[in-house]
Amino acid sequence: MSLYDEMAADFAQLLAEFGKPVKIAGEDHTVLISEPSTDLGLEIGGLDFKTRFTAKLLRSTLTRMPQTGDEFLYNNTRHHVRTVVDRPPHPIVIVEVVL
């Protein structure tokens, strides 16, 4: 068994215990969610507060790679994918999400 296979098996166990159900672009997934944080940005017309967090999921569960702008539904709240960290052959994909 390769190191990446071991990482995938261990991460699958973490997801089984602590994973949260989400929908990414309409597809059901189980992910690990980080603690949300709030960004403050200056935009025309004033300040802009955005909540962001990361979601980690197994590459093997994806039928297609998430894309910037995809809808991300978590706790009945609609978010959007901001960035995707994809490092093949690493088995974990990291998705940064903003409200």
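One is the number of the first residue; the rest follow in order along the sequence.
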Notebook entry, point to check: Does a side-chain heavy-atom distance below 4.5 Å link K23 with Y74?
Noted result: no
Item checked: Check ion pair R82-D70 (N to O, under 4.0 angstrom) -> no
Next item on the list: Mind checking the NZ-CG spacing from K20 to L15? Nearest 0.5 Å is all I need.
Entry: 11.5 Å
Next item on the list: Any chance you could measure Q13, atom CD, to F18, atom CZ, to the nearest 0.5 Å?
Entry: 11.0 Å
Checklist line | Rounded distance [0.5 Å steps], OG1 in T54 versus CD in E35 | finding: 10.0 Å
Next item on the list: Measure the spacing between CG of L14 and NZ of K56 and express it to the nearest 0.5 Å.
Entry: 10.0 Å
Item checked: Atom pair CE/CG of M65 and D86 - distance to nearest 0.5 Å -> 3.5 Å
Item checked: ring pair (Phe, Tyr, Trp, His ring centres under 6.0 Å) involving H79 - partner list, sequence neighbours excluded -> F53
Checklist line | Ion pair E96/R52, N-O distance below 4.0 Å | finding: yes
Check: Taking side chain as C-beta onward, heavy atoms only, is V93 less than 4.5 Å from L62?
Finding: yes
Next item on the list: Answer yes or no: does atom CZ of R78 have more than 12 heavy-atom neighbours from other residues, nucleotides or ligands under 6.0 Å?
Entry: no
Checklist line | Nonpolar side-chain network containing Y4, other nodes, edges under 4.5 Å | finding: L3, M7
Margin query: How long is the straight-line distance from CG of L57 back to CD1 of I24, given to the nearest 0.5 Å?
Written below: 5.0 Å
Item checked: Backbone of V31 reached by a side-chain donor or acceptor of H29 within 3.5 Å -> no
